[in-house]
Amino acid sequence: IDLGSFYVSKILKDMSSKTDYDINTIAYNFIQCYNNGLIEAKINFQGNIVESSKSRIYGVTFKGIEFMN
C-alpha cells in the first residue's frame, strides 16, 4: 500500500496551473531537488526523459527541511 506518495505528473500539472511557472521550469527544479537530496522520490527514466506518470515523490528529506528553514 502506497499511502504517502504523489505522482510527479499530478504535481507538475497542478503547480503549473496555479503558479506563473511553466511545467518545464517546475520539472527542472524537481530534478534538482532530487539530485541534491532535498526530496525522497522514485524517478523512472526512459533514456534522458523522466516518465512523470510513473515517478513519485514520497516526501521531504531532513536535508530538505533544513534547506527550507
Side-chain angles (χ1 to χ4, degrees):
I1 299 173
D2 192 3
L3 297 175
S5 68
F6 302 95
Y7 284 103
V8 172
S9 57
K10 179 171 176 22
I11 291 172
L12 294 176
K13 182 180 175 186
D14 288 350
M15 288 182 74
S16 65
S17 69
K18 295 176 183 176
T19 67
D20 292 333
Y21 299 104
D22 64 84
I23 200 165
N24 291 324
T25 300
I26 296 167
Y28 171 81
N29 284 284
F30 162 70
I31 295 296
Q32 293 306 311
C33 288
Y34 175 75
N35 287 340
N36 287 287
L38 302 178
I39 59 172
E40 186 179 338
K42 179 180 184 211
I43 306 204
N44 287 337
F45 287 93
Q46 185 169 7
N48 291 332
I49 297 174
V50 173
E51 294 182 297
S52 63
S53 64
K54 295 181 180 178
S55 299
R56 296 180 179 189
I57 298 173
Y58 296 105
V60 179
T61 63
F62 289 119
K63 184 178 176 180
I65 291 169
E66 288 178 359
F67 177 77
M68 289 188 293
N69 288 332

Open item on the list: Listing request: all salt bridge (charged side-chain N to carboxylate O under 4.0 Å, His left out) pairs with a residue in residues 14-25, at least two apart in sequence or in separate chains.
Closed with: Lys10-Asp14

Considering only distance and modelled atom types, tabulate donor-acceptor pairs under 3.5 Å from the side chains of residues 30-46, sequence neighbours left out.
residue : atom : partner : partner atom : Å
Asn35   : ND2  : Ile31   : O            : 3.4
Asn36   : ND2  : Gln32   : O            : 2.7
Asn44   : ND2  : Lys54   : O            : 2.9

Open item on the list: Are the side chains of Ile26 and Ile11 in contact, using a 4.5 Å heavy-atom criterion?
Closed with: no

- [ ] Using modelled atom types only, decide if a donor and an acceptor are shared between the side chain of Thr25 and the backbone of Tyr21 within a distance under 3.5 Å.
- [x] no

